[in-house]
Amino acid sequence: MFLSHLECTSCGLRHEWSRLQNLCTACHKPLFAIVDLAKAGRALTREVLPTREKSLWRYRELLPLPADAETVSLGEGGTPLLRATRLGGELGLSNLWIKDESQNPTQSFKARGMAVAVSMAKYLGASKLAVPSAGNAGGALAAYAARAGLEAHIFMPRDTPRANIIECRELGAHVALVDGLITDCGAEIARRKTTEGWFDMSTLKEPYRVEGKKTLGYELAEQFDWQLPDVILYPTGGGTGLIGMWKAFDEMEVLGWIGKKRPRMFSVQATGCAPIVRAFENGDSTAAEFPDAHTCASGLRVPRAIGDFLILNILRRSNGGAVAVDDKEMIRITREVGSSEGLFVAPEGAACFAALKSLCRAGKIASSERVVIFNTGSGIKYLDSYEP
Ligand SMILES: Cc1ncc(COP(=O)(O)O)c(C=O)c1O
Ligand SMILES: [Zn+2]
C-alpha cells in the first residue's frame, strides 16, 4: 500500500484517503493523491516494467489502489505511440509522434481515469456513481460501472453526439439529457447527489480519475526510453490529462526515473469554447466562464474548469502555451490525418494537428524537436459532424 494521503492542490490541507472524498473540505479545490514515492520506488523499478502486462496496471505501485483492492479493468492503457513521418514531413518536423488513445476501451483516454476512479470508489464503498459528461467520460463510466457491478448515472447535454448517448444506455447506465452545457449537468448532480446517494465522479471533483490519467505521462516516458519529448499538444477540456501528466513527471523525477527536463505543454481548445486560451493570453491565473460555448469537439465544450489554476500554471511553468482552433479546420484536417497516417481521429485530436500547424508557422517549434500529439479519442463517435 503506497498511497499516503490526499492533499489539497490549493491550500495543502490533508484529507484521509480511506473514505470517499470529493473537493477540499476547506477551500473546495481539487485533491491530489499523494503516493509514498520512496516506498513505491523500492518496490518497483523501471527495469521491471517491460515484464508486466501492457496496460496502465503495470504502474500498480504508483496508483492509489490498496494491495487488497480488486482492479476494475477492461484492458486500458498500453496504447501505441506512433511515429507520424508523412504528416511530420509536410510540416518540416522530423520527430512527430501520435499517442493514439482511441485504442482504449470505449475508444477514448477517459477509460484510464475511470478504471482507476471506479476501482477506488468501489473499494471505498460507493454503489451509485454520477458524472456530468460531454461525451466520452460518460461512456467510460458506464462501461467501468457495469464491469464493477455498480450503478452509473450520467448527465449529458441533449446535443451530445448520438453515439455517446446510445453507448451509455447500452452499457446499462441511467442517462439524463439536460438542456444546457456540461456545467449545467454538473450543477444538477450537485443538487441531487445527497438525496439520491450518488458519489460525484466529475472531473477533478474526486481525486482518482487524475491518477488514472497520469499514466499517460508514465507511458510516454517509458515508450521514449525515459526521455520526455520537447513539446506536447493536448486537447483541453477539464484538463485532467494535462494535470495528470505533469504530476507523473514530478513523481518520476522523485523516483529518479527521469531528470529535470519537462516538455513545453500546449493546451488546445476550440475557438467556440476557449476559456484557457483566453486566460493564458490575458495573463490570468484562473479562467472565467466562456460564454455561449459551442464546438463539435464535444470534449472541449467545457466553459469553466475547476482545475483552471493548475492548467494555467503548468502551461506557464513549462514555457508552453494555448491555441484555439476553428471547428471547420478540425473537420478538414481529420481527413488529412486519416489519409496520411491511417487514423480516424476525434475532432479533439484533429484540433491538435491544426494547432501544431499554427505553432510551426509561428516558428515556435524547431524542426528537429520531438513533438507528441494526443489523439484522445476516435472519430467514429462523431459521425454527425461529417458529410454522409
Ligand atoms: C476525446 C476527448 N478529448 C479531450 C477531452 C478533454 O479532456 P480533459 O477533460 O482531460 O481536458 C475530452 C473530454 O471529454 C474528450 O472526450
Ligand atoms: Zn484546500
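One-based numbering, in listed order, for ligands and for the atoms of each. Note that the structure is a prediction, hence the values are computed from the model and not measured.
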Using a 3.5 Å cut-off on N/O to N/O, what pairs does ligand 1 make with the protein? A line per pair would be great.
from	atom 1	to	atom 2	distance (Å)
ligand 1	3 (N)	T376	OG1	2.6
ligand 1	9 (O)	K110	NZ	3.4
ligand 1	9 (O)	G238	N	2.8
ligand 1	9 (O)	G239	N	3.4
ligand 1	10 (O)	K213	NZ	3.4
ligand 1	10 (O)	Y234	OH	2.6
ligand 1	10 (O)	T240	N	3.1
ligand 1	10 (O)	T240	OG1	3.1
ligand 1	10 (O)	G241	N	3.4
ligand 1	11 (O)	G237	N	2.7
ligand 1	11 (O)	G238	N	3.2
ligand 1	11 (O)	G239	N	2.6
ligand 1	14 (O)	K110	NZ	3.2
ligand 1	16 (O)	N136	ND2	2.9

> Does one hydrophobic cluster hold both L300 and I311, with members joined at side-chain heavy-atom distances below 4.5 Å?
Replying inline: no
> Side chain of E76, backbone of L74: donor and acceptor closer than 3.5 Å?
Replying inline: yes
> Which protein N, O or S atoms sit under 2.8 Å from the Zn ion (ligand 2)?
Replying inline: C8 SG, C11 SG, C24 SG, C27 SG
> Would you say the side chain of Y123 lies within less than 4.5 Å of the side chain of L65, judging by non-hydrogen atoms?
Replying inline: no
> What residues form a side-chain hydrogen bond (donor to acceptor under 3.5 Å, both in side chains) with S202, not counting sequence neighbours?
Replying inline: D200
> So, T376 versus E101: side-chain donor-acceptor pair below 3.5 Å or not?
Replying inline: no
>> Please determine whether ring pair (Phe, Tyr, Trp, His ring centres under 6.0 Å) holds for the pair F155 and W198, giving the CA-CA distance in whole Å, both sets of side-chain angles, and the decisive distance to 0.1 Å.
In response: CA-CA 12 Å; F155 289 76; W198 295 336; 5.4 Å; yes
> Between E329 and R332, is there a side-chain N and carboxylate O pair less than 4.0 Å apart?
Replying inline: yes
>> Please enumerate all residues that pass side chain to side chain contact (heavy atoms under 4.5 Å, CB included) together with T25, with sequence neighbours excluded.
In response: L13, H15
>> Looking at P207, is its backbone amide N or carbonyl O close enough to the side chain of R209 to form a donor-acceptor pair, meaning the two atoms are under 3.5 Å apart?
In response: no
